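Heads up, the thing below is written out as structure tokens.
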Amino acid sequence: MKHSSKAGLCLLLTAMACLPAAAVADKVYVQGQVVRVLVSAGEDFGGCMAQLSRDPGRYLNCGANWVTFSCTGDFTDPVRGYRMLDQAQLALATGRAVGVEVTDSKKHNGYCFAQRIDVIR
């Protein structure tokens, strides 16, 4: 009986090791420059995005270099989404660095949601 429980545990651990890394949502904090901002009239990309000089997709399952602030209100309220976009625009206009906390558990069109943005002096 002990042998079969060890075999079952071994099988479970082997199956878990075979799961793709993207199956587990995660978050990362990246620092860099805002290179570009985008506002969309439709619901594509969550309505607004920022392109960063550092790619959160290196650490998460995200589209390259862009993050969404979900101005459409899917992942945060629209006012907060636009305020985060305002911070990205401020950083772009002044040349300041930003720190962005990004999660791959929430996405618009494959681009990860930025749940926090800090403008760094």
Side-chain angles (χ1 to χ4, degrees):
M1 186 135 176
K2 287 183 180 180
H3 178 68
S4 65
S5 64
K6 283 184 182 179
L9 178 61
C10 183
L11 180 62
L12 176 65
L13 291 174
T14 302
M16 287 176 62
C18 292
L19 289 175
V24 178
D26 208 355
K27 63 183 175 181
V28 67
Y29 186 84
V30 295
Q31 289 186 356
Q33 300 289 319
V34 176
V35 177
R36 185 175 169 183
V37 293
L38 171 147
V39 178
S40 171
E43 296 202 8
D44 290 342
F45 313 114
C48 64
M49 299 178 71
Q51 183 181 21
L52 306 174
S53 62
R54 282 240 164 122
D55 184 8
R58 290 184 61 203
Y59 312 102
L60 300 174
N61 184 23
C62 299
N65 290 76
W66 288 88
V67 295
T68 177
F69 299 113
S70 195
C71 292
T72 54
D74 294 297
F75 305 136
T76 190
D77 66 271
V79 172
R80 184 169 290 126
Y82 278 108
R83 285 183 179 161
M84 290 191 289
L85 175 66
D86 289 344
Q87 294 303 301
Q89 290 172 325
L90 172 71
L92 178 62
T94 61
R96 301 282 186 201
V98 293
V100 182
E101 186 177 87
V102 182
T103 180
D104 63 1
S105 66
K106 300 173 183 174
K107 296 181 189 177
H108 285 290
N109 303 97
Y111 295 98
C112 292
F113 173 59
Q115 55 193 30
R116 173 182 168 176
I117 181 169
D118 306 327
V119 179
I120 302 168
R121 182 173 182 191

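These numbers come from the heavy atoms of this one structure, side chains and all, not from hydrogens, waters or symmetry mates. Bear in mind the structure is a predicted one, so any value in this text is a computation, not a measurement.
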message = Do the side chains of R58 and D55 get close enough for a salt bridge, i.e. N-O under 4.0 angstrom?
response = no
Result for side-chain contact (heavy atoms from CB on, under 4.5 Å) between S70 and one of M49, H108, Q115 points to H108
CG (L60) and NZ (K27) are apart, to the nearest 0.5 Å, by 11.0 Å
Nearest heavy-atom contact between V34 and A91 is CG2-CB, 4.1 Å
Rounding to 0.5 Å, atoms CG (L38) and CZ (F69) come to a distance of 11.0 Å
(Q) I'd like to know whether CD of E43 has more than 12 heavy-atom contacts from other residues, nucleotides or ligands below 6.0 angstrom. (A) no
- Is there a donor-acceptor pair closer than 3.5 Å between any side-chain N or O of D118 and the backbone N or O of I120? no
Strictly distance-based, threshold 3.5 Å: is any side-chain N or O of T68 a donor or acceptor partner for the main-chain N or O of C48?
yes
* Mark yes or no for whether T72, through its side chain, and G47, through its backbone, hold a donor-acceptor pair below 3.5 Å. => no
Distance col, row R83:CZ vs I117:CD1, nearest 0.5 angstrom, shows 14.5 Å
- Verify same cluster id: V37, W66 (apolar side-chain graph, 4.5 Å): no
Give a yes or no on whether the backbone of N61 and the side-chain of K107 come within a donor-acceptor separation of less than 3.5 Å.
-> yes
- Message: Please check: side-chain N/O of T103 versus main-chain N/O of D26, any donor-acceptor pairing under 3.5 Å?
- Response: yes
